[in-house]
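Reading through the structure tokens given below for one structure.
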Protein chains: 2
Amino acid sequence: MPMNSKPPLLQEVTELHAGICNGLADPTRILMLYALVDFPRNVKDLTETLELPQPTTSRHLKILRQQGLVIGERKGLYIYYRLADRRIIEALDLLRKILNDRLTYRASLVENYNTEQE
Amino acid sequence: MPMNSKPPLLQEVTELHAGICNGLADPTRILMLYALVDFPRNVKDLTETLELPQPTTSRHLKILRQQGLVIGERKGLYIYYRLADRRIIEALDLLRKILNDRLTYRASLVENYNTEQE
DNA sequence: TGACTATATACGAATATCCGAATATGCCTA
DNA sequence: TAGGCATATTCGGATATTCGTATATAGTCA
């Protein structure tokens, strides 16, 4: 049953939804978010921890900021970034679990194949 | 992007993790995944439900397939796609909740501003 | 087999994204 | 105010993504 006129509100919210996912869709940004789990970090700290050029760090942080995933707060010379919402990590963990299960399953297939061969 | 002194395994897993997120990072694909919540659907069904050109549907399904988010099973002429894991929807719901909370909060700010004005 | 339906892929142009290098901005302290 | 450190932005070219159109592949049935 085709939805003749799709509600424009749903369309817009889905767009934002996708934008959030896009904020998560980069390995550097995922590492950044996990680096912020325990406490806020400033840009220099993140730059050194993740071994990135400083502009790259700032650019990724900008994307995370724009998607509302992190919040930056200036304290003097430094800007400390923290997670905007703990559930971001929950969502990332969920997806990571899916991935782990898949990798485990595939590994077990290889295992079985090997034992059947010998 | 150089993360030379990082464990290569973590880096690879993070890459896959980001790939999954990237699979979710498109409004059409999000609508597709939600369309598959209750039961599998074939491509024609999805094409009509989401009002997309058929090649577009197939292309998005290919991305979802590659990221392990959906599974397709041919039954005669049709290929029925289903969610590969229910937790995908859980993760999407989590992120959607974060979004809703943010929109609600912002709406309340506007509300307060308006009442303070009068 | 041929005709038909469902699904997938190829191609190309427009568009977007990425990243390094350079530079700008903001804040502090002397 | 100048100088220095932290952070952000800009620019440009390489690379990647997107999407429509056209076409290919796969399966069914007469």
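Proteins come first, then strands; the chains are lettered A, B, ... in the order of their sequence lines, and each starts at number 1. Excluded from the calculations below are hydrogen atoms, water molecules and symmetry mates; all remaining heavy atoms, backbone and side chain alike, are included.
- The backbone N or O of B/L52 lies less than 3.5 Å from no partner atom in the side chain of B/T56, so there is not a single donor-acceptor pair.
- B/L99 and B/L94 are members of different hydrophobic clusters when ILVMFWY side chains are connected at heavy-atom separations under 4.5 Å.
- For the 3.5 Å distance criterion, the side chains of A/N100 and A/T104 fail to qualify, holding no donor opposite an acceptor.
- Between the CD atom of A/E48 and the C1' atom of D/dT7 there is a distance of 13 Å, given to the nearest Å.
- Remark: the backbone N or O of A/I79 is not paired with any side-chain donor or acceptor of A/R74 at under 3.5 angstrom.
- Rounding to whole angstrom units, CD of residue A/Q66 and C1' of D/dA8 are separated by 12 Å.
- B/L50 has its CG atom 16 Å from the C1' atom of D/dC19, to the nearest Å.
- Distance from the side chain of A/K62 is smallest for D/dT9 among the nucleotides C/dA8, C/dG20, D/dT9.
- In the set C/dT7, D/dA8, C/dG20, the nucleotide with an atom closest to the side chain of B/I79 is C/dT7.
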Report summary line: Quick tally for nucleotides 21-28 of chain C: nucleotides whose base has a protein heavy atom under 4.0 Å get B, sugar-phosphate-only ones S, the rest -, giving BB---BBS
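- Residue B/Y81 has a polar side-chain atom (N or O) positioned under 4.0 Å from OP1 or OP2 of C/dA8.
- Under the 3.5 Å distance criterion, the side-chain polar atoms of A/S108 are matched with a main-chain donor or acceptor of A/Y105.
- In terms of phosphate contacts, B/T56 brings a side-chain nitrogen or oxygen within less than 4.0 Å of OP1 or OP2 of D/dG20.
- Atom pair B/E73:CD and C/dA8:P shows a separation of 14 Å (rounding to whole Å applied).
- Annotation: proximity of residues 32-44 of chain A to DNA chain D (heavy atom, distance under 4.0 Å) is found for A/N42, A/V43, A/K44, numbered in ascending order.
- In this structure, B/I63 places its CD1 atom 18 Å from P of C/dT7, rounding to the nearest Å.
- Atom CG of A/N22 is separated from atom CG of B/L24 by 10.5 Å, given to the nearest 0.5 angstrom.
- Side-chain atoms of B/V37 and B/R86, non-hydrogen and from C-beta on, do get closer than 4.5 Å to each other.
- Remark: side-chain polar atoms of B/R41 are paired, donor with acceptor, to backbone N or O of B/A35 under 3.5 angstrom.
- Applying the 6.0 Å contact sphere to CZ of A/R87 captures more than 12 heavy atoms from other residues, nucleotides or ligands.
- Atom pair B/L61:CG and C/dA6:P shows a separation of 16 Å (rounding to whole Å applied).
- The nucleotide whose nearest atom lies closest to any side-chain atom of A/H60 is, among C/dA8, D/dC19, C/dC19, C/dC19.
- Rounding to whole angstrom units, CG of residue A/L52 and C1' of C/dG20 are separated by 13 Å.
- Atom OH in B/Y78 sits about 17 Å away from atom C1' in D/dT25, given to the nearest Å.
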